[in-house]
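Written out below as structure tokens is the structure these notes cover.
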Amino acid sequence: MKQKIKQKNGKKRIKRILCLFFLLAFMVTGYFVYRYYQNDKHQEDRFDQLEEIEEERDENPVSPVLPEEVNNSDWIGWLKIKGTGISCPVMQRENDSEFYLHRDFDGNYSFYGTPFLDARCTVDSDNCIIYGHNINGGRMFGALHAYSSESYYKE
């Protein structure tokens, strides 16, 4: 009789431990998903802010001085492809060519990274190689998949 009670108590204990484990795993996963979307939203807002600055620079090319909130000398240009969601800064870092592979404009970690110019290129090059992530759902360079459709290409 005591052995059956010990078995039941042992099974209950294992069930409780498993429940706590899965609850903890769910909470940790939720935290990482939340952080991922927060970083995504921050980068999107930052790109919108930078796009406004870029448009102002286009309207007034006489004043090449960047506002203080930009404060990033690695910013070398803007890539915008009409009809797609591609509108983002292009970066280039002298001593670390892949610095922006997983970093946002401000140098913080970012899953998406920020498009950057190949170290062998300059802004004056005839051909420039710009690296960026191919994200599903049309994010970053994933928007270029639309060009595989002939009708989209012709439009």
Side-chain angles (χ1 to χ4, degrees), residues 16-155:
R16 286 181 185 151
I17 290 171
L18 284 174
C19 283
L20 285 174
F21 172 77
F22 286 115
L23 178 64
L24 181 63
F26 178 75
M27 290 172 60
V28 168
T29 302
Y31 168 75
F32 282 109
V33 168
Y34 171 77
R35 199 172 86 176
Y36 168 79
Y37 283 109
Q38 283 296 105
N39 288 340
D40 181 36
K41 179 69 174 144
H42 171 74
Q43 184 165 354
E44 189 176 310
D45 291 345
R46 184 69 166 141
F47 280 6
D48 290 343
Q49 177 190 28
L50 293 169
E51 187 172 16
E52 289 177 14
I53 293 169
E54 180 66 18
E55 288 172 358
E56 288 175 15
R57 285 177 51 185
D58 285 346
E59 290 173 7
N60 188 8
V62 176
S63 176
V65 177
L66 293 171
E68 189 173 311
E69 70 264 13
V70 172
N71 197 23
N72 192 333
S73 61
D74 294 341
W75 182 16
I76 59 165
W78 195 266
L79 176 64
K80 185 169 188 163
I81 302 174
K82 291 181 182 178
T84 69
I86 298 173
S87 181
C88 51
V90 177
M91 313 300 284
Q92 188 175 41
R93 191 171 191 102
E94 259 185 59
N95 299 326
D96 188 359
S97 61
E98 294 183 0
F99 181 80
Y100 289 98
L101 185 62
H102 288 290
R103 296 183 194 258
D104 65 9
F105 180 87
D106 300 308
N108 303 314
Y109 174 80
S110 168
F111 175 75
Y112 297 118
T114 305
F116 58 94
L117 189 65
D118 187 278
R120 298 166 291 184
C121 301
T122 65
V123 290
D124 299 328
S125 298
D126 290 335
N127 295 305
C128 294
I129 302 170
I130 299 174
Y131 295 101
H133 289 278
N134 176 11
I135 306 293
N136 290 335
R139 303 280 323 229
M140 294 301 230
F141 290 161
L144 295 175
H145 286 290
Y147 283 100
S148 63
S149 164
E150 187 175 347
S151 61
Y152 185 86
Y153 170 74
K154 287 180 179 179
E155 186 182 312

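The figures that follow rest on heavy atoms only: side chains count, while hydrogens, waters and symmetry mates do not.
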> Can we say Glu51 and Lys80 salt-bridge, meaning some charged N sits less than 4.0 Å from an Asp/Glu carboxylate O?
Replying inline: yes
>> Is the terminal nitrogen or CZ of Arg103 (NZ for Lys, CZ for Arg) located under 6.0 angstrom from the six-membered ring centre of Phe99 and within 45° of that ring's axis?
In response: yes
>> What verdict does the side chain to side chain contact (heavy atoms under 4.5 Å, CB included) test give for Ile81 and Tyr147, after you've listed the backbone C-alpha separation in whole Å, the side-chain angles of each residue and the deciding distance to 0.1 Å?
In response: CA-CA 12 Å; Ile81 302 174; Tyr147 283 100; 3.6 Å; yes
>> Checking the side chain of Thr29 only, and the main-chain atoms of Ala25 only, is there a donor and an acceptor separated by less than 3.5 Å?
In response: yes
> Are the ring centres of Tyr36 and Phe111 closer than 6.0 Å?
Replying inline: yes
> Are the charged groups of Asp106 and Arg46 less than 4.0 angstrom apart, N to O?
Replying inline: yes
> Can you list the residues that meet the salt bridge (charged side-chain N to carboxylate O under 4.0 Å, His left out) rule with Asp48, with sequence neighbours excluded?
Replying inline: none
>> Keeping His133 on the side-chain end and Leu101 on the backbone end, is there a donor-acceptor pair under 3.5 Å?
In response: yes
> If you take all heavy atoms of Cys121 and Asn127, which pair is closest and at what distance?
Replying inline: SG-O, 3.8 Å
> Got a second to check how far Asp118's CG is from Glu98's CD, nearest 0.5 Å?
Replying inline: 9.5 Å
> Does any non-hydrogen side-chain atom of Thr114 lie less than 4.5 Å from one of Cys88?
Replying inline: no
> Which heavy-atom pair separates Ser87 from Trp78 by the least distance, and what is that distance?
Replying inline: OG-NE1, 3.1 Å
> Atom CZ in Phe32, atom CE in Met27: separation rounded to 0.5 Å?
Replying inline: 12.5 Å
> Within a strict 4.5 Å, meaning less than it, do heavy atoms of the Leu24 and Phe26 side chains meet?
Replying inline: no
> Are Tyr34 and Asn39 side-chain neighbours, meaning at least one heavy-atom pair lies under 4.5 Å?
Replying inline: no
> Gln43 and Phe47: side chain to side chain contact (heavy atoms under 4.5 Å, CB included), yes or no, with the steps?
Replying inline: CA-CA 6 Å; Gln43 184 165 354; Phe47 280 6; 3.2 Å; yes
> Can you list the steps and then say if Trp75 with Glu54 is a side chain to side chain contact (heavy atoms under 4.5 Å, CB included)?
Replying inline: CA-CA 11 Å; Trp75 182 16; Glu54 180 66 18; 3.4 Å; yes
> Would you say the side chain of Ile86 lies within less than 4.5 Å of the side chain of Leu144, judging by non-hydrogen atoms?
Replying inline: yes
> When rounded to the nearest 0.5 angstrom, what distance separates OH in Tyr31 from CD in Gln38?
Replying inline: 10.5 Å
> So do the side chains of Arg93 and Phe116 get within less than 4.5 Å of each other, counting heavy atoms only?
Replying inline: no
> Any donor-acceptor pair under 3.5 Å linking the side chain of Glu94 with the backbone of Ala119?
Replying inline: no
> With a 4.5 Å limit on heavy-atom distance, are the side chains of Asp45 and Gln49 in contact?
Replying inline: no
> Asn72 and Met91: side chain to side chain contact (heavy atoms under 4.5 Å, CB included), yes or no, with the steps?
Replying inline: CA-CA 9 Å; Asn72 192 333; Met91 313 300 284; 3.4 Å; yes
> Considering only heavy atoms from C-beta outward, does the side chain of Leu117 approach that of Ile129 to under 4.5 Å?
Replying inline: no
>> Would you compute the distance between atom CZ of Phe141 and atom OH of Tyr131 and round it to the nearest 0.5 angstrom?
In response: 11.5 Å
> So do the side chains of Asp74 and Gln92 get within less than 4.5 Å of each other, counting heavy atoms only?
Replying inline: no
